[in-house]
Amino acid sequence: MKTIHKMLFTTAVASLAMVSCKTEQKPEEKVQGIILENMDTSVKPTDDFFRYVNGTWVDNTKIPDDQTSWGGFNQLRKKTDADVLAILGDAIEKRDFPKMKDAEGNEIDSDQEKAVNYYETIMDTVARNKAGKAPIQPFLAKIDEIKDLNGVQEFITNMAAYGGAGFYGFGVFNDLKNSSMNAGYLGAGGLGLRRDYYVDKKVEDKLKKYQEFVAKMLQEFGDDEATAKKNAANIVAFEKSLAEPRMTKEERRDTRKMYNPMSIEELTTLAPTIDWTAHLEGIGVNLKGVDGNNGLEKVIVTDPGYFKAMSEILKNRPVEDIKLLLRWNAINNSLGLLSTDLEKANWEFYSKEMRGAKQQRPRDERALGNLNGAIGEALGKLYVDAKFPPEAKQKAKEMIDNVMLGFEKRIAQLPWMSEETKQKALDKLHKLTVKIAYPDKWKDYSELQVKGLKNGGTYFDNAINVSKWNFNKNMAKLGKEVDRTEWGMSPQTVNAYFNPVNNEIVFPAAILQPPFYNYKADEAVNYGGIGAVIGHEISHSFDDSGARFDGDGNLKNWWTEDDSKKFKDIGGKLVKQYSDIIAIDSMHLNGEYTLGENIGDLGGVQAAYEGLKIFLEKSGRPADIDGYSPEQRFFLSWGTIWRTKMRDEALKNLIMTNTHAPGQYRAYMPLKNVDAFYEAFDVKEGDKMYIKPEERVRIW
């Protein structure tokens with residue numbers, strides 16, 4: 001459940017889901033569902049549930065050299081990549097693409113053909129290696145020409161459509177307090193590392209390795225060794241000065257702190273070094289009101305403390321230092337688009353050093369990942385046509401309906417919440433939108449040019465075109481109504497998410513597959529897998545962050561003061577449960593940072609279990625399978641989907657940067673708070689999985 005970032009702040013939280021299916025199940029089609037060979041039954045489930053469910057799998061599984069972790073998610077992503085690559089290969093061989101015309105009637109490439117074009121230019125390593133560093137030389141030359149701070153600002157403005165140059169960036173997204181309309185946001189520019197790596201002494205060894213990486217790359221781009229080392233030290237110190245005043249990752253989870261509307265005058269008072277009028281008009285923002293449209297009156301600043309500090313830093317830093325950082329940003333952001341030796345150098349630091357990878361993933365898989373990130377829905381059309389029948393949507397919806405009913409039942413029975421707040425919670429639940437498998441309305445790529453090899457297309461140029469297209473598309477939304485039909489993930493993505501400003505949960509087609517959902521398996525297994533994932537995403541609407549939004553997606557308090565305090569106090573108990581865990585060396589899990597996901601897991605299991613009970617009441621109770629009751633198989637399935645092995649460096653990096661706890665803890669930590677788990681496995685005082693009833697966390 002990976003958290004995804006929409007524009008300048010976190011809005012969506014990922015998860016898992018289910019698969020294409022047939023409408024009937026015959027008895028002879030039933031499958032094992034729970035893979036008994038993966039279990040270690042020498043361990044008591046009441047002592048170590050993760051080991052009980054996955055122990056033999058852990059002992060017998062080697063993390064592939066091209067992966068930093070391995071488990072159910074990774075295996076399904078590997079399978080899905082293989083499926084999509086086969087589809088791409090077939091499309092490349094046949095080249096039987098739909099015929100498309102633009103508004104003037106001119107023939108243009110179809111979206112599917114653009115996907116193939118993009119993929120082929122990534123794979124054309126001969127052309128990439130021949131071009132070498134040449135594609136970014138014009139950008140580096142522009143940086144060399146900068147003479148003063150005005151030139152710096154002009155360069156940053158001109159680079160906005162290319163993905164930005166650092167320091168600050170503008171984007172368009174739902175207004176948090178008027179979610180049906182799009183607003184403009186100003187956020188901090190990216191750094192080479194996440195903020196914690198600059199400020200946390202526990203990982204200062206990684207900061208030193210990063211400085212060595214910067215020096216190595218500067219040498220590749222012309223600096224001699226001594227100059228490269230000096231410049232690298234300057235760059236890292238500069239980045240550290242920009243990292244320190246930023247909100248902490250825990251603070252960024254409180255969306256209220258990121259909603260700071262300001263007039264241009266107020267923004268100028270906050271950060272006077274920048275000519276904000278020139279910048280905003282330069283990137284195409286209408287400030288004066290033209291063509292019958294009102295001018296932008298407010299811009300929402302996501303981190304005022306950073307902007308104030310950045311203004312002072314830019315005013316006092318020599319322009320040559322600023323140019324040096326601009327140069328590094330341009331190089332670092334382009335390494336993956338250039339020659340294979342530079343791409344590998346980028347991998348050696350960010351994947352090998354930072355996360356413990358032993359070798360690069362196969363080139364075709366890497367190319368597919370880049371294609372998915374760039375124009376995923378264009379490729380998604382091919383995937384859906386080949387892999388996901390329309391009737392599968394209905395099958396998924398049936399389970400979602402039951403889990404929603406289960407969540408509704410739990411809200412109605414909450415002992416700690418007042419009737420007033422319960423009613424508002426139920427109102428929000430009933431307004432929740434569910435999107436399954438693929439969009440009803442696909443993205444329109446007609447204005448995007450993606451040249452194929454036969455027309456001289458290159459990976460770098462196509463990536464630039466995609467960046468410009470995304471920028472222009474995003475800017476065109478400013479001041480207009482939000483299109484709630486848009487998706488934040490492509491259909492071939494093995495993930496899921498909740499978007500608070502749209503109050504929606506979204507399950508792409510690729511997540512609708514085993515091990516999360518298998519139409520041949522018993523329903524207890526499916527409810528413990530995809531059902532709990534569905535419940536997880538629903539619960540995000542009511543986690544410590546999502547609960548700040550109402551049913552229309554507006555940042556609005558709908559809680560009584562007393563209920564809000566109780567909710568925070570209960571959440572604090574969950575924070576402590578996770579923060580008490582030492583995961584590796586002396587590194588604890590971050591219960592505060594992962595609170596939203598942990599609430600999602602706990603609420604998801606509870607709601608899915610209620611959904612299973614509703615299903616069994618309607619359909620009848622089946623016989624035990626392999627000696628396990630439906631209730632036990634539900635929890636075994638939950639433990640199964642979180643089977644995980646991680647390299648040490650990957651585990652440390654995840655704890656430092658990710659809102660999710662590692663999978664091995666997600667497999668059992670929520671269950672320690674679920675009464676039904678105690679009943680299913682007869683957990684008693686003295687067992688390691690036991691928590692006293694009065695100390696169990698009961699939220700949703």
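Please read these numbers as outputs of a predicted model, since none were measured by experiment.
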Task: Working for ring-ring contact (aromatic ring centres under 6.0 Å, His included), residues Tyr497 and Phe507 - done: CA-CA 7 Å; Tyr497 68 92; Phe507 302 95; 8.9 Å; no
With a 3.5 Å distance limit and no angle check, can you tell me whether [X] reaches the backbone of [Y] through a side-chain donor-acceptor pair?
X      : Y      : result
Thr433 : Glu504 : no
Asn74  : Ser69  : yes
Thr421 : Ser418 : no
Gln492 : Gly376 : yes
Asn38  : Asn54  : no
Arg410 : Ala607 : no
Lys556 : Asp550 : no
His540 : Phe498 : no

Cation-pi check, [X] onto [Y] ring (under 6.0 Å, within 45° of axis):
X      : Y      : answer
Arg246 : Tyr306 : yes
Arg666 : Trp642 : yes
Lys428 : Phe542 : yes
Lys206 : Tyr197 : no

Can [X] and [Y] be counted as an ion pair, charged N to O under 4.0 angstrom?
X      : Y      : result
Lys652 : Asp585 : yes
Arg698 : Asp675 : yes
Asp200 : Arg195 : no
Asp205 : Lys209 : no
Arg633 : Asp522 : yes
Lys202 : Asp196 : no

Polar side chain donor-acceptor pair, [X] to [Y], under 3.5 angstrom:
X      : Y      : value
Ser42  : Asp40  : yes
Tyr198 : Glu244 : no
His536 : Asp601 : yes
Gln360 : Asp66  : no

For a quick test of reading the model, state the closest non-hydrogen atom pair linking [X] to [Y] and the distance between them.
X      : Y      : value
Ser539 : Gly603 : OG-C, 3.1 Å
Met646 : Thr644 : CG-CG2, 3.6 Å
Leu414 : Ile699 : CD2-O, 3.0 Å
Thr61  : Trp70  : CG2-CD1, 3.6 Å
Ile63  : Thr68  : CG2-C, 4.3 Å
Gly192 : Tyr210 : CA-OH, 3.2 Å

- [ ] Quick one: do Thr640 and Ser637 satisfy side chain to side chain donor-acceptor pair (under 3.5 Å)? Show the steps, please.
- [x] CA-CA 5 Å; Thr640 295; Ser637 181; 5.7 Å; no
Task: Residue from Arg696, Lys573, Gln577, Gln606 passing side chain to side chain donor-acceptor pair (under 3.5 Å) with Asn673 - done: Gln577
Open item on the list: Lys566 and side chain to side chain donor-acceptor pair (under 3.5 Å): which single residue from Asp562, Asp563, Asp569 fits?
Closed with: Asp562
- [ ] Begin with the C-alpha distance, continue with both residues' side-chain angles, and end with the deciding distance and a verdict on side chain to side chain donor-acceptor pair (under 3.5 Å) for Glu250 and Asn590.
- [x] CA-CA 9 Å; Glu250 293 83 7; Asn590 188 332; 2.8 Å; yes
Rounded distance (nearest 0.5 Å) linking atom [atom1] of [X] with atom [atom2] of [Y]:
X      : Y      : atom1 : atom2 : value
Asp682 : Asp687 : CG    : CG    : 8.0 Å
Lys352 : Asn346 : NZ    : CG    : 14.0 Å
Asn598 : Thr594 : CG    : OG1   : 4.0 Å
Glu631 : Asp624 : CD    : CG    : 8.5 Å
Arg643 : Trp57  : CZ    : CH2   : 6.5 Å
Phe49  : Gln664 : CZ    : CD    : 15.0 Å

Open item on the list: The test is side-chain contact (heavy atoms from CB on, under 4.5 Å); show your working for Met39 and Tyr52 and say whether it passes.
Closed with: CA-CA 6 Å; Met39 300 174 67; Tyr52 179 75; 3.4 Å; yes
Task: Min side-chain heavy-atom separation Arg361-Asp81 under 4.5 Å - done: yes
Task: Thr46 vs Lys684 side-chain heavy atoms within contact, under 4.5 Å - done: no
TODO: Test side-chain contact (heavy atoms from CB on, under 4.5 Å) on Gln75 and Lys79 and set out the steps.
DONE: CA-CA 6 Å; Gln75 290 170 309; Lys79 174 192 177 298; over 6 Å; no
TODO: Show your working on side chain to side chain donor-acceptor pair (under 3.5 Å) between Gln513 and Thr80 and close with a plain yes or no.
DONE: CA-CA 9 Å; Gln513 303 182 74; Thr80 301; 3.2 Å; yes
Task: Ring geometry between Phe567 and Trp559 (parallel below 30°, tilted from 30 to 60°, perpendicular above 60°) - done: parallel
- [ ] Assign the ring pair Phe213 / Phe349 to parallel, tilted or perpendicular, where the plane angle (0 to 90°) is split at 30° and 60°.
- [x] parallel
Open item on the list: Let's go through Arg355 and Glu649 carefully: what are the C-alpha distance in whole Å and the side-chain angles of both, what is the deciding distance for salt bridge (charged side-chain N to carboxylate O under 4.0 Å, His left out) to 0.1 Å, and is it a yes or a no?
Closed with: CA-CA 5 Å; Arg355 296 190 293 123; Glu649 294 305 310; over 6 Å; no
- [ ] Please report the C-alpha distance between Asn502 and Asn174 in whole Å, then the side-chain angles of each, then the deciding distance to 0.1 Å, and finally whether the side chain to side chain donor-acceptor pair (under 3.5 Å) criterion is met.
- [x] CA-CA 8 Å; Asn502 286 351; Asn174 307 58; 3.1 Å; yes
Open item on the list: Using ring-ring contact (aromatic ring centres under 6.0 Å, His included), reason through Tyr578 and Tyr665 one step at a time and then give a plain yes or no.
Closed with: CA-CA 9 Å; Tyr578 283 80; Tyr665 302 104; 8.2 Å; no
- [ ] Show your reasoning for whether salt bridge (charged side-chain N to carboxylate O under 4.0 Å, His left out) applies to Arg51 and Asp59.
- [x] CA-CA 10 Å; Arg51 180 79 198 176; Asp59 293 342; 2.4 Å; yes
TODO: Take Phe634 and Tyr527 through the test ring-ring contact (aromatic ring centres under 6.0 Å, His included) and record every step on the way to the result.
DONE: CA-CA 6 Å; Phe634 171 90; Tyr527 273 86; 7.7 Å; no
